[in-house]
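Just below is one structure, and these are the notes that go with it.
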Protein chains: 2
Amino acid sequence: MNKNKDVAGEEPSGALMADVARLAGVAISTVSRALANPGRVNEKTRAKINAAAKQLGYTPNAMARGLRVGKSNIIMIILPGSLYYGASQVIPQVLQSINKSLIQGGYNLMIANLDRDEISERHILDLAFGGSVRGAIILSSKLPEVDGRSLANSGLPIVSMLLDMSDAGLQSVVTNDREAVRDVTAELIRLGHRRFFYLAGPEGNYHDVERYGGVLEALEAAGLSEDSVHRSGGHLDYQHGFDIGVQAADDFAELTEKPTAVIATSDDMAISFVSRIQRTGLSIPGDVSVVSFDGSPVCEFCSPPLSTIKQPVEEMGRAAVDLLLDAIGHRQNTAAVRTVIRSNLIPRESIAAPKS
Amino acid sequence: MNKNKDVAGEEPSGALMADVARLAGVAISTVSRALANPGRVNEKTRAKINAAAKQLGYTPNAMARGLRVGKSNIIMIILPGSLYYGASQVIPQVLQSINKSLIQGGYNLMIANLDRDEISERHILDLAFGGSVRGAIILSSKLPEVDGRSLANSGLPIVSMLLDMSDAGLQSVVTNDREAVRDVTAELIRLGHRRFFYLAGPEGNYHDVERYGGVLEALEAAGLSEDSVHRSGGHLDYQHGFDIGVQAADDFAELTEKPTAVIATSDDMAISFVSRIQRTGLSIPGDVSVVSFDGSPVCEFCSPPLSTIKQPVEEMGRAAVDLLLDAIGHRQNTAAVRTVIRSNLIPRESIAAPKS
DNA sequence: CGATTTTTGGCAAACGTTTGCTATAAATCG
DNA sequence: CGATTTATAGCAAACGTTTGCCAAAAATCG
């Protein structure tokens with residue numbers, strides 16, 4: 001019965017631009033221009049067209065447009081898969097902030113997980129090279145690369161967030177991890193602390209390097225030796241944030257000369273650490289001061305409320321999107337490939353001068 | 001210089017199917033079939049084509065394919081915008097689980113936020129009617145509807161998750177909120193509790209209705225009056241999870257006859273509530289027992305560790321994706337429009353028998 | 001009022017695939 | 001070995017837009 005033998009879809013879906021044109025009594029091209037290119041068509045015909053479009057409930061087909069103009073309106077965010085996801089409180093906030101900014105710019109957000117397997121790398125590359133996405137925001141330190149195809153030379157605008165990848169030539173939006181940790185360490189030193197306990201994230205990870213570096217800088221500035229800090233953790237993924245704190249507490253228990261201040265690289269590990277060492281009879285901040293990184297809201301309601309360095313994720317998300325849209329719009333990529341947005345310490349009761 | 005005057009894209013982007021065909025010395029259509037329809041082409045030519053494709057780093061253009069076949073391979077997840085996002089710990093887990101399942105099925109996940117404004121409704125409808133997405137998983141109770149276009153009759157397969165929308169004819173994947181709360185309330189009654197304090201989520205919200213209903217059912221079953229439970233909160237969004245707990249603590253303080261057991265509808269509010277009432281000198285579970293809903297990992301590290309009802313979000317995500325893909329594949333939509341996956345109580349030290 | 005410029009609308013050719021149909025080559029059969 | 005079936009490959013027409021170019025109409029000018 002169907003006249004059109006080469007029918008592809010199953011349902012006629014919605015109204016087409018041709019339908020709108022017919023109803024408005026104009027050509028298809030006029031409809032197209034009326035909808036997209038305000039100035040190019042007479043005000044009166046445009047009104048007619050708009051009316052027709054509304055009446056038919058017309059919605060332009062995104063794929064047809066994308067194909068024709070050779071651009072999609074989708075941005076993908078590349079998350080370091082199970083490594084990060086759900087681990088740190090920051091990811092949902094990052095997503096929300098990025099999505100909000102993107103939509104204002106007329107873009108949509110697609111999620112891509114970059115795990116350690118080749119499958120996921122290939123998948124991301126397919127997205128990039130298949131014209132599905134227009135740009136990428138990456139939260140992973142590794143750029144997918146398989147069989148000669150590499151995200152780096154996909155021609156896709158890419159912005160790195162959280163991690164500094166300016167070395168790889170990527171615009172990067174980061175916070176001042178190092179400086180923030182240095183400052184808080186300096187503050188602890190000023191309060192009288194001399195022995196420190198550092199809860200590391202995954203070994204070699206950018207954040208870990210930066211943050212531990214910050215500790216060392218503060219120690220050096222105060223004339224303290226590197227031995228004043230004991231490093232714990234580092235062999236677990238961020239995914240196991242709470243586990244890191246648990247293990248570190250065991251570690252801590254075995255030290256003969258207890259540190260008086262703990263610097264944790266995420267709130268999760270700080271929380272589980274605190275929970276465990278309180279159980280051994282130590283009090284916070286009486287016996288040991290604790291400060292961590294992330295700024296999770298839950299820190300306010302721990303006992304005692306935890307001091308934490310709040311990452312400005314919303315601002316970072318906005319900045320990343322701005323940079324990406326700039327790059328897409330060919331507005332000259334500002335020479336600066338590194339955008340730093342400052343973290344703030346939220347001081348709470350978990351920090352005090354050491355006992356004696 | 002460019003011969004092709006009607007050039008659309010700016011860069012030649014990657015290799016085209018035509019390039020592969022030329023290199024392999026076959027027709028375009030043969031390439032297409034070789035890549036998609038294994039059996040339809042001779043093994044030998046197929047090998048030649050695959051080699052050519054790999055050599056050129058060919059990636060099929062998703063939009064062209066989508067346009068031709070009239071289907072996209074993108075699924076959108078509709079989140080209740082700022083209402084939920086970042087509030088409850090469950091969202092990131094939901095996203096991860098859904099994304100993982102989708103990718104295995106060859107689909108991609110796009111994020112859509114449904115806020116209370118018309119803009120976001122329109123945006124989602126554009127996605128649906130513009131052929132951008134192939135199906136939707138919705139975590140919001142409201143179906144977007146503007147100007148006669150409604151998601152309900154977009155023809156798009158939709159699955160509701162977390163919220164039961166089977167009344168609206170949507171396949172729904174939910175947990176047994178009511179039953180779980182009823183059981184835990186019954187257990188509290190068994191322990192000897194007779195006066196309860198209920199921390200409500202947003203008033204009228206599905207979860208709130210179900211969970212509060214569970215409390216009432218347990219009371220009734222035990223022959224206790226509805227007055228045995230004091231309801232607090234309910235006028236704030238989930239977004240303000242922690243705030244709800246804080247306000248509820250004030251509320252609690254004013255009660256002359258203190259309840260001995262608290263049932264909270266999210267971990268966030270339980271955590272802030274506990275923090276505040278401990279500050280007033282009450283002890284948990286000595287003076288008051290606390291149980292909440294969600295199963296956030298952080299509960300294990302609260303003091304005392306919080307009993308919580310763990311929502312099986314991973315399983316729910318998987319189930320939602322399965323149902324959606326079934327619907328897309330026209331496999332008869334199983335008559336059951338309601339899939340229930342059971343929650344489990346994780347009992348911890350925050351629950352005990354009342355004092356006297 | 002004729003000539004020139006500016007607006008406005010239409011035609012048709014893309015964009016990169018998929019796929020129905022058809023043509024050829026190979027295989028099978030009587 | 002000719003006839004019939006079956007496997008394989010190619011042609012060309014879609015899919016629903018956008019947009020370069022041109023033609024007609026309207027406006028402006030001398």
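Atom set for the values below is all heavy atoms of this structure, side chains included, hydrogens, waters and symmetry mates excluded. Residue numbering restarts at 1 for every chain, and letters A, B, ... go by the order of the sequence lines.
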Tell me: NZ of B:Lys48 to P of D:dT8, nearest whole Å? 13 Å

Given D:dT17, C:dG9, C:dT19, the nucleotide with the shortest approach to the side chain of A:Arg65: D:dT17

Of B:Glu43 and A:Met63, whose nearest nucleotide on DNA chain D comes first from the 5' end? B:Glu43

Minimum heavy-atom separation for B:Ala136 to B:Leu324, with atom names? O-CD1, 3.7 Å

Could you walk me through whether A:Ser120 and A:Asp117 pass the side-chain hydrogen bond (donor to acceptor under 3.5 Å, both in side chains) check? CA-CA 6 Å; A:Ser120 72; A:Asp117 55 3; 2.9 Å; yes

Tell me the interatomic distance from B:Asn73, atom CG, to C:dT18, atom P, rounded to whole angstroms. 12 Å

Under-3.5 Å N/O pairs linking protein and nucleotides 23-25 of chain C:
none

With a 4.0 Å cut-off, would you call A:Glu314 and A:Lys100 a salt bridge? no

Between B:Leu35 (CG) and C:dG16 (P), how many Å, whole number? 16 Å

Distance below 4.0 Å between B:Tyr58 side-chain N/O and C:dG16 OP1 or OP2: no

Listed nucleotide nearest any side-chain atom of A:Val69, set C:dG16, D:dT19, D:dC11: D:dT19

Heavy-atom side-chain proximity of A:Asp147 to B:Lys54 below 4.5 angstrom: yes

Would you say the side chain of B:Lys142 lies within less than 4.5 Å of the side chain of B:Glu121, judging by non-hydrogen atoms? yes

OP1 or OP2 of D:dG10 less than 4.0 angstrom from a side-chain nitrogen or oxygen of B:Thr30, does that happen here? yes

A:Val41 has its side chain closest, among D:dT17, C:dG10, C:dG9, to C:dG9

Could you go through the side-chain hydrogen bond (donor to acceptor under 3.5 Å, both in side chains) check for A:Ser97 and A:Arg318 one step at a time? CA-CA 7 Å; A:Ser97 134; A:Arg318 270 199 298 274; 5.7 Å; no

Look at the side chain of B:Asn61 and decide which nucleotide, out of C:dG10, C:dG16, D:dT17, has an atom nearest to it. C:dG16

Along DNA chain C (nearest heavy atom to each residue), the more 5'-positioned of A:Ile28 and B:Met17: A:Ile28

Between A:Ile328 and A:Tyr107, is any pair of side-chain heavy atoms under 4.5 Å apart? yes

Report the distance from atom CZ of B:Arg46 to atom C1' of D:dG10, rounded to the nearest whole Å. 19 Å

Nearest-Å distance, CZ (A:Arg22) to P (D:dG16)? 12 Å

A:Asp19 CG to D:dT17 C1': how many Å, rounded? 13 Å

Between atom CG in A:Leu67 and atom C1' in D:dG16, what is the gap in whole Å? 9 Å

Is there a donor on the side chain of A:Arg33 or the base of C:dG10 sitting less than 3.5 Å from an acceptor on the other? yes

Heavy-atom side-chain proximity of B:Leu109 to B:Leu95 below 4.5 angstrom: yes

Does C:dA12 have OP1 or OP2 under 4.0 Å away from a side-chain N or O of A:Ser29? no

Ignoring hydrogens and angles, answer whether the base of D:dT18 and the side-chain atoms of A:Arg68 contain a donor-acceptor pair closer than 3.5 Å. yes

